[in-house]
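Note sheet for the following structure.
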Protein chains: 2
Amino acid sequence: MSDARSAIRLSPMEVPKASDVLANELRERILSGEYPEGTPLPPERELVVQTRMSRTTVREALRILEVQGLIRIKAGRAGGAFVQKPGEESVASSLDLLIRGRQLRLASVHETREAIEPSCARLAALHRTSGDLRRLEVTNEEIAASADLDDFLRANVDWHIAVATAGHNEILTGIMMALSRAIYTATNTEGFINAEVRDITVRAHRSVTRAIKERDADAAVRRMMRHVHSYAAAALEVDDRTTVAVPEED
Amino acid sequence: MSDARSAIRLSPMEVPKASDVLANELRERILSGEYPEGTPLPPERELVVQTRMSRTTVREALRILEVQGLIRIKAGRAGGAFVQKPGEESVASSLDLLIRGRQLRLASVHETREAIEPSCARLAALHRTSGDLRRLEVTNEEIAASADLDDFLRANVDWHIAVATAGHNEILTGIMMALSRAIYTATNTEGFINAEVRDITVRAHRSVTRAIKERDADAAVRRMMRHVHSYAAAALEVDDRTTVAVPEED
DNA sequence: ATGCTAGATTGGGTCTGACCTTTAGACCAC
DNA sequence: GTGGTCTAAAGGTCAGACCCAATCTAGCAT
């Protein structure tokens with residue numbers, strides 16, 4: 001009420017939980033690179049005496065780090081918590097949760113993919129090794145040889161991930177893995193894959209692969225863009241036929 | 001031993017942990033949309049009697065879901081676990097862990113950004129609302145008015161995130177948030193921001209904003225691409241001066 | 001020597017039951 | 001109204017026990 005009272009202002013304060021404190025401490029140490037990959041953390045009971053926290057608390061902290069992909073926990077003698085650098089999968093799985101949890105429009109996924117894959121192709125053309133190239137060719141053969149829908153989709157995903165991998169950019173690779181997984185599950189039920197689609201796909205992949213082989217970045221971008229775009233258009237069309245159209249707000 | 005015995009064959013089996021079982025069950029239910037956002041889960045002690053697991057186990061399961069961003073846990077009376085759809089932040093933080101944990105080259109971050117931002121600009125031009133537009137203009141004014149380096153960087157990040165938001169694609173927005181955060185911390189120490197850089201930035205943002213305003217997707221892409229590319233080049237040049245060059249393998 | 005099996009050991013996983021802390025709400029006193 | 005005080009609900013922490021899994025090792029059989 002009085003002026004003197006309202007002069008003092010405080011922002012809401014956080015009182016961290018004990019397990020969070022421990023988790024944060026360990027996380028910072030791990031991220032700082034202080035412990036190389038594979039370093040074993042002390043056993044839980046040892047952490048208990050060091051931190052003077054209860055085992056429950058210690059275990060919660062470890063669980064947090066495990067879910068974040070910073071440690072891997074093995075049971076049994078010579079088991080324990082081992083430092084682990086987070087990999088692409090953790091990004092992939094969190095994107096997966098976002099997509100599934102928000103029930104995002106398939107269109108968002110395709111939009112993102114159209115944004116990313118051409119760049120992956122570009123980087124692949126620039127940085128690919130001969131091993132990368134062979135992997136591209138092998139996976140594309142698998143697509144051509146695929147028997148049923150599921151084989152086709154899986155091999156298709158593999159090829160696209162191979163492109164991302166060949167670009168040697170972990171971030172883009174992680175994102176692509178997540179998107180592929182989402183598209184895989186989304187496209188699986190729809191029956192829009194027939195022999196013709198498969199042939200078109202294989203041909204498109206071949207032409208992209210050729211550009212990557214010849215280190216022709218611009219062509220790789222162009223061809224990949226066209227391929228992804230037409231795939232997205234086809235998938236969305238099928239989707240429109242199956243689901244009710246939702247009007248966009250503006 | 002006998003032939004009859006060897007006829008029965010089993011493959012290696014996985015024995016999941018109890019807490020994972022519970023976590024998976026709850027996760028599937030949440031993701032299926034069965035519980036709308038904000039729905040309270042039963043209290044821990046109630047889950048104990050329902051599942052016949054111990055409270056420890058129940059709590060571990062809840063902790064997992066909390067870290068994955070699927071529930072939010074409040075203490076105190078009327079507290080408990082509330083269903084929450086995972087947001088952009090969870091993607092952002094996992095990307096953050098990837099970047100920091102792997103000590104990724106700044107170049108990867110910039111590559112990714114160059115892949116994504118032009119597309120964000122394109123989508124923004126297509127889908128922006130008038131509110132989005134105002135936010136773009138406001139944040140850009142803040143950049144122009146920024147006093148010190150930190151102000152500048154924060155406002156800069158805000159503008160770029162505003163572009164992503166205007167595209168109305170949650171996936172791209174999440175990724176951009178993570179990248180921005182990484183670039184923010186990376187560029188912070190370097191002293192490469194001066195009045196000239198700031199002016200160039202503001203002008204570039206203005207021209208992108210104009211394209212978005214006029215719903216000119218192609219121009220938005222082009223201008224954003226140029227802007228991001230030159231920013232990346234400048235940042236990398238500064239980075240080269242400060243850090244030792246690491247030879248690329250091929 | 002070789003090879004295998006039966007402990008012994010180490011370490012995570014689960015359970016129990018208790019107590020502490022935080023928060024919302026109600027009621028009361030000034 | 002403002003501020004205490006109490007109570008109930010719920011999560012947070014603790015201590016201790018026991019269970020289960022993985023590994024190592026010593027000893028036995030061939």
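Just so it is clear, the values below take in all heavy atoms, side chains as well, and ignore hydrogens, waters and symmetry mates. Worth saying up front: this structure is predicted, and the values here are computed from it rather than measured. Numbers restart at 1 for each chain; the letters A, B, ... are given by sequence-line order, proteins then strands.
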Task: Between B:Ser93 and B:Asp96, a side-chain donor and acceptor under 3.5 Å - done: no
- [ ] Classify the ring geometry between B:His205 and B:Trp159 as parallel (under 30°), tilted (30 to 60°) or perpendicular (over 60°).
- [x] parallel
Task: Short side-chain N/O contact to C:dC15 OP1/OP2 from B:Thr57, under 4.0 Å - done: yes
Task: Exercise: do A:Arg105 and A:Ser108 side chains pair donor with acceptor under 3.5 Å - done: yes
Task: Euclidean distance, atom CE of residue A:Met53 to atom P of D:dA15 [Å, nearest integer] - done: 12 Å
Open item on the list: Whether A:Ser54 contacts D:dC14 is assessed here as follows: a side-chain N or O lying under 4.0 Å from the phosphate OP1 or OP2. Is that the case?
Closed with: yes
- [ ] Verify the distance criterion only: is there a donor paired with an acceptor across the side chains of B:Asp132 and B:His168 at less than 3.5 Å?
- [x] yes
Task: Atom-pair distance (CD on B:Glu46; P on D:dA10), nearest Å - done: 9 Å
- [ ] With sequence neighbours left out, write down each residue that passes side-chain contact (heavy atoms from CB on, under 4.5 Å) with B:Val83, or none if nothing qualifies.
- [x] B:Ile30, B:Tyr35, B:Thr39, B:Leu41
N/O to N/O distances under 3.5 Å, protein versus nucleotides 6-13 of chain C:
| from | atom 1 | to | atom 2 | distance (Å) |
| --- | --- | --- | --- | --- |
| C:dT9 | O2 | A:Arg77 | NH1 | 3.2 |
| C:dT10 | O2 | A:Arg77 | N | 3.3 |
| C:dG12 | OP2 | A:Glu44 | N | 3.1 |
| C:dG12 | N7 | A:Arg45 | NH1 | 2.7 |
| C:dG12 | O6 | A:Arg45 | NH2 | 3.2 |
| C:dG13 | OP1 | B:Lys17 | NZ | 3.2 |
| C:dG13 | OP2 | A:Arg59 | NH1 | 3.1 |
| C:dG13 | N7 | A:Arg55 | NH2 | 2.9 |
| C:dG13 | O6 | A:Arg45 | NH2 | 3.4 |
| C:dG13 | O6 | A:Arg55 | NH1 | 3.2 |

Open item on the list: Measure CG/A:Leu22 against C1'/D:dT13 and give the value in whole Å, please.
Closed with: 13 Å
Open item on the list: Let me confirm one number: the CD-CZ distance from A:Glu60 to B:Arg63, rounded to the nearest 0.5 Å.
Closed with: 4.0 Å
Open item on the list: Measure CE/A:Met13 against P/C:dT23 and give the value in whole Å, please.
Closed with: 13 Å
